[in-house]
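Worksheet for the structure shown next.
Excluded from the calculations below are hydrogen atoms, water molecules and symmetry mates; all remaining heavy atoms, backbone and side chain alike, are included. Note that the structure is a prediction, hence the values are computed from the model and not measured.
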Amino acid sequence: MSRTIDAVVSPTQTNTIPADISGQMLDLDEDDDLEVFSKDLTLADGNMFNASMPTSPGSMVNQCKFEEDEESDSKDIFITVDNPESHVTAIETFITYRVLTKTTRSEFDNSEYEVRRRYQDFLWLKGKLEDAHSTLIVHPLPEKFVVKGMVERFNGDFIETRRKALHKFLNRIADHPILSCSEDFKVFLSAQAWELTTYKKQGPGFLSRMGETVRAVANSVRGVKNRPEEFTAIQEYVEDFSNKIGSLDKVTQRIVKEQKEYLEELKEYGPTYTLWSGSEEELAEQLKGVAGCIERCCKETEEQVGHLSDTLVPVLHEYVLCAETLKAVLRRRDNIQAEFEAKNEALATKKVDRDAESSDLGFVWGSLLGKNPEEARHQRQERLDGEIEELKEEIDKLEDRVEWANNALKGDWGRWQRSMRGDLKSAFLSTAEKNVDYYEKYFIFIHTQITVSL
């Protein structure tokens, strides 16, 4: 049978980054093949949690949702993604989803909207939000392509899984104090398909985007010399979190796969006892009892596998993608700082050149070139002075940009941590509750059958 997964994530909610951030990590085993959680864990605040505690999983889940209920009272925009439809054209087949929006915001002309969007539209929105807010954490989308050997691209399970992920993506944006105010987000929710297509064409041209990409690559190669310690701590946390959540995701998917294989074998196992009972009159009652017990075990196992597939697997994989998103956000923050540092270095070089022009060396070079030394030096100094002033203006703008990027990331980091801990707590506790219920019923079936047989 599967291994029961028990986990506790620190409930601490804070925007500050502690000196030793590693203590707040999910304390998981590095080896995929070992038990990924211990039965007795210490929370970050020093409290103990173990299996003997009287607190029920259900009540703990309700406590986790208390803050969410309070926050929902202040929501002013509600989004539902549903009703997927398949479209077949001469060149492609794709799925569209209905996006229903209800809002009381004054910037919207109406209070309700209904539009249809395909995956590419969601991808466009995510890209626009990241371009406009490079150091805010935009929730990840589900992958565009399906891993080979998992599910077919257009089967019901895949479409439903994607629909849920797209629904969560939009509602994460709707709950964000900055991203939800984006004009691109408003257009996405309210514009009809042809209007959205026209709006998309108003974006920057290919050459402009290419220039930004080249500049980002150059800054990435150059690297950051003086990254603030708090962002180094965040980066280390994200790397560690990525490894842990990646291991959990792999182990959980392997458990689900093994449970499904076990379930298929179990379904073939019960009828064998039923057939056997027809030829063994003295054992008929006991054999039929075993067959009935196996049938009930099949039902409970199927429910447990379904719960893992619907509750735990999506959340774990979602945060695997979140870890990659966080890495990209940190790289973009570093790129902004790297550009700021590069401009400062360029300014220092220009000042050195200007000082050199003021020396005798500039006078000598002017004489050798057959120019009026004073006039040539004056022209060069004017040119350098102009370049220095331009660099100072660029540096002032970049300094503001670095400050904004840092503050935006620090604020979003605290918000992301609270969301992550709430989501994982809920998924882990729900899974633990389901496992307890499953094994209690399983052993009751076995005990009942033994009693009847005796």
Is there a side-chain contact (heavy atoms from CB on, under 4.5 Å) between Tyr119 and Leu141? Walk through the geometry before answering.
CA-CA 9 Å; Tyr119 180 83; Leu141 283 168; 4.1 Å; yes
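- Closest approach of Val138 and Thr325 over heavy atoms only: O-CG2, 3.3 Å.
- Side-chain atoms of Thr198 come within 3.5 Å of backbone N or O of Trp194 as a donor-acceptor pair.
- When side chains are defined from C-beta on, Thr301 counts as touching Tyr438, because their heavy atoms get closer than 4.5 Å.
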Step-by-step ring pair (Phe, Tyr, Trp, His ring centres under 6.0 Å) determination, Phe122 to Phe188
CA-CA 8 Å; Phe122 288 86; Phe188 178 92; 5.1 Å; yes
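- Of all non-hydrogen atoms in Val187 and Arg117, the two that sit nearest each other are O-NH2, 3.7 Å.
- Put simply, the side chain of Val115 does not reach to within 4.5 Å of the side chain of Leu189, judged on heavy atoms.
- Using a 30° and 60° split on the angle between ring planes, Phe108 and Tyr113 fall in the tilted class, from 30° to 60°.
- For the pair Arg172 and Ser419, the minimum side-chain heavy-atom distance is below 4.5 Å.
- Between the OG atom of Ser111 and the NZ atom of Lys102 there is a distance of 9.0 Å, given to the nearest 0.5 Å.
- A salt bridge is absent between Glu264 and Lys260: the closest approach of a Lys/Arg side-chain nitrogen to an acidic carboxylate oxygen does not fall below 4.0 angstrom.
- Across all non-hydrogen atoms, the minimal contact from Pro228 to Gln337 is CD-OE1, 3.4 Å.
- At distances below 3.5 Å, not a single donor-acceptor pair connects side-chain atoms of Thr93 with backbone N or O atoms of Val88.
- Between Asp184 and Trp124, the closest side-chain pair of non-hydrogen atoms falls below 4.5 Å.
- Between Glu341 and Lys225 there is no salt bridge, since no side-chain nitrogen of the basic residue lies less than 4.0 Å from a carboxylate oxygen of the acidic one.
- Residues Glu107 and Lys186 are not paired through a salt bridge, judged by the lack of any N-O separation under 4.0 Å between the basic side chain and the carboxylate.
- Defined by atom type and a distance below 3.5 Å, a donor-acceptor pair is present between the side-chain atoms of Arg116 and Thr96.
- Every residue meeting the side-chain contact (heavy atoms from CB on, under 4.5 Å) condition with Thr349, not counting sequence neighbours, appears here in chain and number order: Asp353.
- In this structure, Arg332 contributes its side chain and Ser134 its backbone to a donor-acceptor pair below 3.5 Å.
- For the pair Glu339 and Lys343, the salt-bridge criterion is not met [side-chain N within less than 4.0 Å of a carboxylate O].
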Audit row: Asn243, Glu239, side chain to side chain donor-acceptor pair (under 3.5 Å) steps and yes/no
CA-CA 6 Å; Asn243 293 333; Glu239 289 293 337; 5.4 Å; no
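- For Glu229, the CD atom sits in a loose shell: 12 or fewer heavy atoms of surrounding residues, nucleotides or ligands are nearer than 6.0 Å.
- A salt bridge between Glu390 and Lys350 is absent, with no side-chain N of the basic residue lying under 4.0 Å from a carboxylate O of the acidic one.
- Scanning all heavy atoms of the two residues, the minimum distance from Glu143 to Arg162 falls at O-NH2, 2.8 Å.
- For an aromatic pair to be called close, the ring centres must be under 6.0 Å apart, and Trp413 with Phe241 fails this.
- Looking at Tyr319 and Asp249, their side chains never bring a donor and an acceptor atom within 3.5 Å of each other.
- The pair Arg418-Asp175 fails the salt-bridge criterion, with no side-chain N (NZ, NE, NH1 or NH2) lying under 4.0 Å from an Asp/Glu carboxylate O.
- Of the possible donor and acceptor atoms, one in the side chain of Asn171 sits under 3.5 Å from a partner among the backbone N and O of His167.
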Quick one: do Asp412 and His176 satisfy side-chain contact (heavy atoms from CB on, under 4.5 Å)? Show the steps, please.
CA-CA 9 Å; Asp412 242 20; His176 197 285; 2.7 Å; yes
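- A heavy-atom distance below 4.5 Å is found between the side chains of Leu316 and Phe428.
- The CD atom of Glu114 lies 11.0 Å from the OG1 atom of Thr80; values are rounded to the nearest 0.5 Å.
- A donor-acceptor contact shorter than 3.5 Å links the side chain of Asn407 to the backbone of Glu403.
- Counting only heavy atoms from C-beta outward, the side chains of Ile395 and Phe340 approach each other to under 4.5 Å.
- Atom-to-atom distance recorded for Ile178:CD1 and Ile173:CD1 is 13.5 Å, nearest 0.5 angstrom.
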Would you check, one step at a time, whether the test side-chain contact (heavy atoms from CB on, under 4.5 Å) holds for Glu387 with Leu384?
CA-CA 5 Å; Glu387 292 175 353; Leu384 287 170; 3.8 Å; yes
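- Between the CG atom in Asp437 and the NZ atom in Lys434 there is a gap of 5.5 Å [rounded to 0.5 Å].
- Rounding to the nearest 0.5 angstrom, the gap separating the NE2 atom in His139 from the CG atom in Leu129 is 13.0 Å.
- When Thr135, Ile234, Thr232 are each tested for a side chain to side chain contact (heavy atoms under 4.5 Å, CB included) with Leu330, only one passes: Ile234.
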Just distance, no hydrogens or angles: give the donor-acceptor pairs under 3.5 Å from side chains in residues 305-313, sequence neighbours left out.
from	atom 1	to	atom 2	distance (Å)
His307	NE2	Ser430	OG	3.0
Ser309	OG	Val305	O	2.9
Thr311	OG1	His307	O	3.2

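- We find that Lys126 and Glu130 are joined by a salt bridge, their nearest charged nitrogen and carboxylate oxygen being less than 4.0 Å apart.
- Closest of all the heavy-atom pairs between Val238 and Ala323 is CG1-O, 3.8 Å.
- In the displayed structure, Lys327 atom NZ is contacted under 6.0 Å by more than 12 heavy atoms of other residues, nucleotides or ligands.
- Residues Arg227 and Gln235 are in side-chain contact: their nearest non-hydrogen atoms beyond the backbone lie under 4.5 Å apart.
- Scanning for side-chain contact (heavy atoms from CB on, under 4.5 Å) contacts around Ala165 gives Pro142, with sequence neighbours left out.
- Two residues are said to be in side-chain contact when any heavy atoms from C-beta on lie closer than 4.5 Å; Val251 and Ile255 meet this criterion.
- For the atom pair OG1 of Thr431 and CG of Leu424, the computed distance is 10.5 Å after rounding to the nearest 0.5 Å.
- Arg163 has a carboxylate O that lies under 4.0 Å from a charged side-chain N of Glu160, or vice versa, which qualifies the two as a salt bridge.
- Ser182 and Lys128 are not linked by any side-chain donor-acceptor pair at a separation below 3.5 angstrom, with hydrogens and angles left out of the test.
- The shortest heavy-atom contact between Pro140 and Glu318 is CG-O, 3.9 Å.
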List the steps and the verdict of side-chain contact (heavy atoms from CB on, under 4.5 Å) for Phe185 and Ile77.
CA-CA 12 Å; Phe185 185 50; Ile77 184 166; 4.2 Å; yes
